[in-house]
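Remarks on the structure that follows.
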Number of protein chains: 2
Amino acid sequence: MDTIAREQAAQRIERRLARLGYRVTQPRRRLIEKMLAFETYFSSDSLSVGEPSVGRATVFRSLHVFLRTGALCQVVLEDGTIVYRVADDGAHHHHLVCIDCDLVEEFSSEFLEAALAHAGAAHGYQVTGHRLEIYGRCDHCPTEASSGGRAGARG
Amino acid sequence: MDTIAREQAAQRIERRLARLGYRVTQPRRRLIEKMLAFETYFSSDSLSVGEPSVGRATVFRSLHVFLRTGALCQVVLEDGTIVYRVADDGAHHHHLVCIDCDLVEEFSSEFLEAALAHAGAAHGYQVTGHRLEIYGRCDHCPTEASSGGRAGARG
DNA sequence: CTTTCTGCAAACTCTTTGCAGTCGC
DNA sequence: GCGACTGCAAAGAGTTTGCAGAAAG
């Protein structure tokens, strides 16, 4: 994301804050800018680090606000750690997580949505939501196969 | 799960511990028994509570061991909280979480596995794993629709 | 008898809360 | 000017670690 794109993304997030009745303050602006600088996911800690002008508590409070307004989403890593990522799209989506370069991409699929609803229904559930993370290697990272090993499917 | 089934499940878990080189100790037995008494998921805290004979640290250490041996699996709740559940099946599976009664069922589906691998591949990922939780109402819980409201699909 | 495991207590990390002052709108 | 927001500091969960003794195999 280049400087101009980040600027636009920041304004989109700020407008949404304002529209939902939250105030666009200096610390929030700072954090939004910092969030957007991450190419992929980040921890609450890494947002806080090197930002002496923003209190720790404010970071956590802002994280909640951003989550509520859909500016951020949680990503569950393979080891169960929960981290954050700027939501390209405020709507429902899933994550593709590269286990090598830590890139996270959003994606959505009507087909998958339907398949999940159907899977739930088959077990007697009326599905109201779900959470899906797919782990693998993105096409910029050499696979085990191409480096001599063998890629194993865990799923 | 009745007493006999729990006893069998406990033995299965203990055998697996032994086979993998872990010791079957008194505290671990206690915890296994307690885990099996939960009809659904539980937190690290609820495992610890009311078990004065087992130290807090031992609970956490055992949790890691059980996770490593496949006796337990993590379940991510809708709000991002991570809890544990006895794995009926040591193999890969997904979770159906009832948002009313907190029941968690395991399920697996070759079809879904293939669909997820395919979805990843479509985005250039070589899929090595995934994590899926489906939230909804199980067939023992009245739906909003049947109690006058309307069930909304979030996914 | 060796090695792993345990309880305890202390240390640590991560997150939340209370409060008086500040700042957006 | 009002009310939401902020930084600070302290409190509060939740989890990990060091260690000497206990127990499994």
Side-chain angles (χ1 to χ4, degrees), chain A residues 10-35 38 41-69 71-77 79-85, chain B residues 10-11 13-35 38 41-69 71-85:
Chain A
Q11 290 194 6
R12 210 179 324 125
I13 292 173
E14 290 173 13
R15 272 198 303 272
R16 189 155 24 172
L17 280 178
R19 180 156 36 86
L20 294 173
Y22 295 100
R23 294 191 174 166
V24 179
T25 64
Q26 214 40 243
R28 288 184 181 165
R29 269 194 229 269
R30 266 249 163 64
L31 293 178
I32 290 170
E33 200 178 329
K34 186 153 187 177
M35 276 159 35
F38 286 97
Y41 64 76
F42 55 88
S43 62
S44 51
D45 198 62
S46 60
L47 234 204
S48 187
V49 158
E51 211 64 41
S53 67
V54 181
R56 206 135 243 266
T58 299
V59 170
F60 284 102
R61 284 187 280 230
S62 301
L63 237 26
H64 291 310
V65 169
F66 295 150
L67 233 30
R68 234 173 294 146
T69 61
L72 285 183
C73 51
Q74 295 178 322
V75 177
V76 185
L77 300 186
D79 68 356
T81 312
I82 293 190
V83 293
Y84 302 91
R85 179 192 192 281
Chain B
Q11 290 192 7
I13 293 173
E14 290 172 14
R15 272 197 302 272
R16 191 156 21 174
L17 280 179
R19 179 155 38 86
L20 295 174
Y22 294 100
R23 293 189 177 169
V24 179
T25 64
Q26 213 41 243
R28 287 183 183 166
R29 268 193 230 271
R30 266 248 162 65
L31 293 178
I32 290 170
E33 199 177 329
K34 185 153 188 177
M35 275 159 34
F38 285 98
Y41 63 76
F42 56 88
S43 61
S44 51
D45 199 61
S46 60
L47 233 203
S48 187
V49 158
E51 212 63 43
S53 66
V54 181
R56 205 135 242 269
T58 299
V59 170
F60 284 102
R61 285 187 278 228
S62 301
L63 238 24
H64 291 312
V65 170
F66 295 150
L67 234 29
R68 235 172 295 146
T69 61
L72 286 183
C73 51
Q74 294 179 321
V75 177
V76 185
L77 301 186
E78 211 158 6
D79 68 356
T81 313
I82 292 191
V83 293
Y84 303 92
R85 179 192 193 282

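Within every chain, numbering begins at 1; the chains are lettered A, B, ... in the order of the sequence lines, protein sequences first and strands thereafter.
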Check the distance between dA9(D)'s P and F60(A)'s CZ and give it to me in whole angstrom.
17 Å

Of T58(A) and A57(B), whose closest DNA chain D nucleotide lies nearer the 5' terminus?
T58(A)

Atom pair distance, as rounded to whole Å: CG in L47(A) and C1' in dT13(C):
17 Å

Among dG14(D), dG7(D), dC25(C), the nucleotide that comes nearest once only the side chain of V24(A) is considered
dC25(C)

Can a side chain N or O of H64(B) be found less than 4.0 Å away from OP1 or OP2 on dT16(D)?
yes

Quick one: is dT15(D) close enough that its OP1 or OP2 comes under 4.0 Å of any side-chain N or O from S44(B)?
yes

Any idea which of dT2(C), dG3(D), dT15(D) is nearest the R56(B) side chain?
dT15(D)

Hey, is the side chain of R29(A) pairing donor to acceptor with the base of dG24(C) inside 3.5 Å?
no

Rounded to the nearest Å, what distance is computed from the CD atom of residue E51(B) to the P atom of nucleotide dG7(C)?
10 Å

Heavy atoms from C-beta onward define the side chain here; which of dT6(D), dT15(D), dA23(D) lies closest to that of R23(B)?
dA23(D)

Could you tell me how far apart L63(B) (CG) and dG14(D) (P) are, to the nearest whole angstrom?
13 Å

State the CD-CD1 distance between Q11(A) and I32(A), to the nearest 0.5 angstrom.
10.5 Å

Euclidean distance, atom CG of residue L20(A) to atom P of dC5(D) [Å, nearest integer]:
12 Å

Among dT15(C), dT6(C), dC23(C), the one nearest any side-chain atom of R61(B) is dT6(C)

Would one find a side-chain N or O of R28(A) under 4.0 angstrom from OP1 or OP2 of dT6(D)?
yes

Atom OH of Y22(B) to atom C1' of dT4(C): distance rounded to whole Å?
11 Å

Which value, rounded to the nearest 0.5 Å, describes the distance between R68(B) atom CZ and Y22(B) atom OH?
4.0 Å

Any donor-acceptor pair under 3.5 Å from R23(B) side chain to A18(B) backbone:
no

Do any N or O atoms from the side chain of T69(B) and from the backbone of V65(B) form a donor-acceptor pair under 3.5 angstrom?
yes

Examine dT6(D): is either OP1 or OP2 under 4.0 Å from a nitrogen or oxygen in the side chain of T25(A)? Give yes or no.
yes

Could you give the distance from OH (Y41(B)) to CG (L72(B)), rounded to the nearest 0.5 Å?
15.5 Å

D79(A) CG - dT15(D) P separation (whole Å):
14 Å

I need the CZ-P distance between R30(A) and dT6(D), as an integer number of Å.
13 Å

